[in-house]
Undergrad: 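Below are the structure tokens for one structure; questions will follow.
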Amino acid sequence: MADIVLSVAASHAPGLAGLYSGAPEDTKAEVDKMYGTMGAEITAADLDVLILVGNDHLANSRVLEYPNFLVGMAAEHTGPYEWFKPWLNCRDYTLEGRPEVAEALISGMARRGVQFFGRRENLCYDDNLSIPTVLCDLDTNDVPVVPVLMNCNVPPIPDQRQCYAVGEALGDIIRNDLPNGMRVGLFGSGGLSHEPGGKRYFFIDQEFDHWFMDMLEEGDHDKLLNEATPERMEESGAGGTAELFAWFVVLGAIGNQPCSRLGYTAYDNFKCGVGAVRWQMGS
Amino acid sequence: MAFEQVDKTLVTHDLVQDLKWDADLRAQFEADQTSVLDCYALKPEERTAIETGDFRKLYEMGLHPYLGGQLARLIYGNAAGPDATRAVNRLIASLTGEERPDDRTTT
């Protein structure tokens, strides 16, 4: 029986690296606090693997053949992908992969009736993996990672209930299929409100962002599952806010654990509400 | 634009994804856009919309907004800062029909 010893979730946006230097000082301080705290806690958790669930930005599969879940099976994950480098303006990185864990996820999901696809070659990583990596120093602290990229963009997308159910299966795999004593961390990467490519590209729905994070802290998963619908996500940012369904995978895996926010900031030029939460595991 | 309006079969999706994945094709697109567009079975109005930067028309035809944002970067500039900001503002201007300065960074 492996153990989930750490669970966090946070926004990603290219601007968190590429436009960081031009951001207001209070915004930079909030970003430093959020990602610095997560990075320190991830390092202190001495993980055998960090399973990072985040949306794919149409970077790895054609629109006509788009998987809902795609696991990075490579022995090493490198990034950012070449075309995204000018957006991100961050360091190149190499992360240790855990192919055997990736295989266990894919086969374990199949036994539980969930379709996970995998790719042995390095995937194209943009801000989904790159921002957590460079802001939390996952690469320099040698944190082994298995990325699970999901579909939050190509309709029909898996909704909050489907993602929560996938998370429950993920938790079951970790507890029953992975080796005894393995220390597992979970990272939900995506959101908060934003509308990439839309009329409201610069809009950040702060009211929604606080409403959502308040619900996480309240810990009422039934309320979350009833109210954080794809329609509500679309209202606060079409094609972007639904990245928060990655957080529902984490929620399903860990069940009802106390949640606290690590911070929040809304800076127009990031084009995304930026927040982070941590769940207290083992309570 | 709602998800439901996305036409997954729109050929422009393949064009944008190929340009993202293929540096040589991207260089060709920057040097000679016509020769690249000739390689794709675009509808006449779809091709005209790309050539004129008419994102509103492309979205009406079912272009995925995320790839619309990336097409704007491929046309107007990809680097963080002024390049990308210009691309975002020209995209929004096309979608809304309202003029926007290239350096605006607010709604």
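Protein chains get the first letters and strands the later ones, always in sequence-line order, with residue 1 at the start of each. The structure displayed is predicted, hence computed values, not measured ones.
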Undergrad: If every non-hydrogen atom of Lys8(B) is compared with every non-hydrogen atom of Pro155(A), which pair is closest and at what distance?
TA: NZ-O, 3.0 Å

Undergrad: Is it the side chain or the backbone of Ser61(A) that comes within 4.5 Å of chain B heavy atoms, both, or neither?
TA: backbone

Undergrad: If I take atom OG1 from residue Thr105(B) and atom CG from residue Leu19(A), how far apart are they, to the nearest 0.5 angstrom?
TA: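 Going from OG1 on Thr105(B) over to CG on Leu19(A), the span is 9.5 Å.
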
Undergrad: Would you say Gln17(B) and Val63(A) make side-chain contact, with heavy atoms under 4.5 Å?
TA: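 Heavy-atom side-chain distance check passes, below 4.5 Å.
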
Undergrad: Give the member of Leu95(B), Leu10(B), Thr96(B) that has the highest number of heavy-atom pairs under 4.5 Å with chain A.
TA: Leu95(B)

Undergrad: Please classify the contact between Ile157(A) and chain B as side chain, backbone, both or neither, with a heavy-atom cut-off of under 4.5 Å.
TA: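 Looking at Ile157(A), just its side chain touches chain B.
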
Undergrad: Please classify the contact between Pro196(A) and chain B as side chain, backbone, both or neither, with a heavy-atom cut-off of under 4.5 Å.
TA: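 Its backbone and side chain both get close to chain B.
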
Undergrad: Supply the atom-to-atom distance Asn55(A) CG to Tyr66(B) OH, rounded to the nearest 0.5 angstrom.
TA: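 Asn55(A) CG to Tyr66(B) OH: 7.5 Å, rounded to 0.5 Å.
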
Undergrad: With a 4.5 Å heavy-atom cut-off (strictly below), which parts of residues 70-78 of chain B touch chain A? List them by number.
TA: Gln70(B), Arg73(B), Leu74(B), Asn78(B)

Undergrad: Ignoring hydrogens, what is the shortest heavy-atom contact between Thr107(B) and Asp268(A)? Give both atom names and the distance.
TA: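 Looking at all heavy atoms of both residues, the closest pair is N-OD2, 4.3 Å.
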
Undergrad: Would you compute the distance between atom OG1 of Thr85(B) and atom CZ of Phe202(A) and round it to the nearest 0.5 angstrom?
TA: 5.5 Å

Undergrad: Which one wins on heavy-atom pair count under 4.5 Å against chain A: Ala79(B), Gly68(B), Ala84(B), Ala23(B)?
TA: Ala79(B)

Undergrad: For residues Gly18(A) and Ala80(B), report the shortest heavy-atom separation together with the two atoms involved.
TA: O-CB, 3.7 Å

Undergrad: Mind checking the CG-CG spacing from Leu67(B) to Leu58(A)? Nearest 0.5 Å is all I need.
TA: 4.5 Å

Undergrad: Contact between Lys20(B) and Tyr81(A) at the side-chain level, heavy atoms closer than 4.5 Å - yes or no?
TA: no

Undergrad: Pick one of side chain, backbone, both or neither for Arg62(A), based on which atoms fall under 4.5 Å of a heavy atom in chain B.
TA: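 Looking at Arg62(A), backbone and side chain both touch chain B.
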
Undergrad: Heavy-atom distances under 4.5 Å only: say whether Arg104(B) touches chain A with side chain, backbone, both or neither.
TA: backbone

Undergrad: Between Lys85(A) and chain B, which part of the residue has a heavy atom less than 4.5 Å away: side chain, backbone, both or neither?
TA: neither

Undergrad: Using non-hydrogen atoms and a 4.5 Å limit, figure out which bit of Ser94(B) sits close to chain A: side chain, backbone, both or neither.
TA: neither

Undergrad: Counting C-beta onward and ignoring hydrogens, is there a side-chain heavy-atom pair between Val88(B) and Lys271(A) closer than 4.5 Å?
TA: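 A side-chain contact exists here, since the closest heavy-atom pair is under 4.5 Å.
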
Undergrad: Is Lys199(A) salt-bridged to Glu98(B), going by a charged N under 4.0 Å from an acidic O?
TA: no

Undergrad: Can you check whether Val154(A) reaches Val6(B) side chain to side chain, under 4.5 Å on heavy atoms?
TA: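 Val154(A) does not reach Val6(B) side chain to side chain.
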
Undergrad: With a 4.5 angstrom heavy-atom cut-off, is it the side chain or the backbone of Tyr66(A) that approaches chain B, or both, or neither?
TA: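 Interface part for Tyr66(A): neither.
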
